[in-house]
2 protein chains.
Amino acid sequence: MASDNLKKVYIFSGLDDNELDKISKIVKVKTFNKGDIIFFDTEPYKGFYINSAGLVKIYKISKDGKEHILHLITANNTFAEVPLFENLSGTLSGNFGYPANAMAIEDNTRVVLVPARLFLEMLESNTKICIKMCAGFAKRLRHLNNHIEELTLKDVSRRVAGYIINERRSEEQNKISLSISKNDLSSYLGTIPETLSRTLKKLQDEGMIEVDGKVIRITDAVKLKQYSE
Amino acid sequence: MASDNLKKVYIFSGLDDNELDKISKIVKVKTFNKGDIIFFDTEPYKGFYINSAGLVKIYKISKDGKEHILHLITANNTFAEVPLFENLSGTLSGNFGYPANAMAIEDNTRVVLVPARLFLEMLESNTKICIKMCAGFAKRLRHLNNHIEELTLKDVSRRVAGYIINERRSEEQNKISLSISKNDLSSYLGTIPETLSRTLKKLQDEGMIEVDGKVIRITDAVKLKQYSE
DNA sequence: CGTAACCTTGATTAAGATCAATTCTCGTGG
DNA sequence: CCACGAGAATTGATCTTAATCAAGGTTACG
């Protein structure tokens, strides 16, 4: 991976060219197709990843095959950083692997593996990158907090409404295009495809949205937002 | 708060006496009784907290009054650190408040408020504390991941079984004592008191546990563990 | 074209929430 | 020391949501 691409990755944005170059020399780049596994939660930890192109889902699976998507990782975002800090000396007990599974959900998804040991060394001498790591974790913690809030305090149709409202880049935007399949969306929203399908229809019947394949037009943003809360 | 007490707090464990003393001089100590609010998620952010004695619940409430407990904070643990890193320059947009509500759930709960600005200054010049902050976040992220996994992939009785199994300090321990009310436990497990009550009875009828008030004796740990997975 | 993955629709079922009514527990004041 | 009352916990009857089961329909791609 060229070091100027690394600059786009949030946690690396404060590094100088020297440091970037150093990193770019030790990372490993891999390409995956839709449906390919990047790692399982059962594997030993190797390091964290950067998604440099494509889309990655982070998900859990139960013994009877039910899936739940925890995160969707878009380009220039990192994933699987958590175990970096769990296997430090003095940090609790145990040897931790990946917290969940990761799968590419677009063809030609390119990910960059940053080996754990080297990165930790860099971290110890670089407060800036360390604070950025904290900021990244903070963002993710708030996201998970909100995700749990949605899952436990709202019914399915309110979760769907909330998802659509939040997919907008701005308050004015009235059309969104789903970046994932409806199967994956239902898994992310803690439901199943059948229920999602029915729910979208219901929101359409009530005049809040119009669904056309992957494109959803918001016909009454105020009502939709209010309904979702 | 005496600076030797601060040492027990994980993120401060690497600091020397000088630094600890500096912190202990600028913190504010407050005492709360059962049911007292420490902060609401609507308040402007002041800083993060240390629970120095007692028990604190971090929770969300929906408009129609449903509650869900995200975390239980025991003594010498910190909470509300997330917004520290969300209001940094260069870190996204917006001004973030507390991510959830906090309430004391034991009498004489003592909490220590660490003002945000001072702590951030300290962080910038101290990599050790910064890495510990990352480690604390990592631990919490894994916890939330697991919490979501439980909530979305398991039914109530499996969640209850899993909770009981995980409350044990060791594999040998066959008796646990609930540190919170069954009302709060049901809220943490994503259900309601009635259902929790029935579920405990069911697990008892199937010979896995014996319930006596707040004390739960595990009568068949193997079966209980297997059932929970 | 043909096949597989994706999506939708309908009928049925089951888990767990809600509603309603006791019972239990424990701290407080007479 | 006992009675009272409030909050906590339990129990029963009913209802609602969303999962499950089953069958088609649609889309995309080799």
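Only this structure's heavy atoms are used, side chains among them; waters, hydrogens and symmetry mates stay out. All chains are named by letter (A, B, ...) in the order of the sequence lines, taking the proteins before the strands, and each is independently numbered beginning at 1.
With a 6.0 Å radius and a threshold of 12 heavy atoms from other residues, nucleotides or ligands, B/D205 has its CG atom above the threshold.
Taking 4.5 Å as the limit, every side-chain heavy atom of A/L72 sits out of range of all side-chain heavy atoms of A/T74.
Without hydrogens or angle criteria, A/N166 side chain to A/G162 main chain gives a donor-acceptor distance under 3.5 Å. Proximity of a side-chain donor or acceptor of A/K175 to a complementary backbone N or O of A/V215 within less than 3.5 Å is not detected. With A/N33 contributing its side chain and A/D107 its backbone, the two residues share no donor-acceptor pair below 3.5 Å.
Applying the salt bridge (Lys or Arg N to Asp or Glu O under 4.0 Å) test to B/E167 and every residue at least two apart in sequence or in another chain returns nothing. B/Y163 is linked by a side-chain hydrogen bond (donor to acceptor under 3.5 Å, both in side chains) to nothing, counting only residues two or more places apart in sequence or in another chain.
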Output one letter per nucleotide in nucleotides 24-30 of chain D: B when a protein non-hydrogen atom lies under 4.0 Å from the base, S when only the sugar-phosphate is that close, - when neither is. -------

Protein-to-nucleotide contact annotation, 5' to 3' order, nucleotides 8-20 of chain D [B base; S sugar-phosphate only; - none; under 4.0 Å, heavy atom]: -SSBBB----SSB

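Of the listed residues (B/F119, B/F39, B/Y98), just one forms a ring pair (Phe, Tyr, Trp, His ring centres under 6.0 Å) with B/F48, and that residue is B/F119.
The rotation axes computed at either terminus of the helix from C/dT8-D/dA23 to C/dG30-D/dC1 lie 40° apart, taking five pairs at each end and rounding to 10 degrees.
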For residues 189-201 of chain A, dump all side-chain donor-acceptor pairs below 3.5 Å to protein atoms at least two apart in sequence or in another chain.
{"from": "A/T199", "atom 1": "OG1", "to": "A/T195", "atom 2": "O", "distance (Å)": "2.7"}

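Rounded to an integer number of Å, the gap from NZ of A/K202 to C1' of C/dG10 is 18 Å.
Between the side chains of A/S187 and A/E67, at least one donor N or O sits under 3.5 Å from an acceptor N or O.
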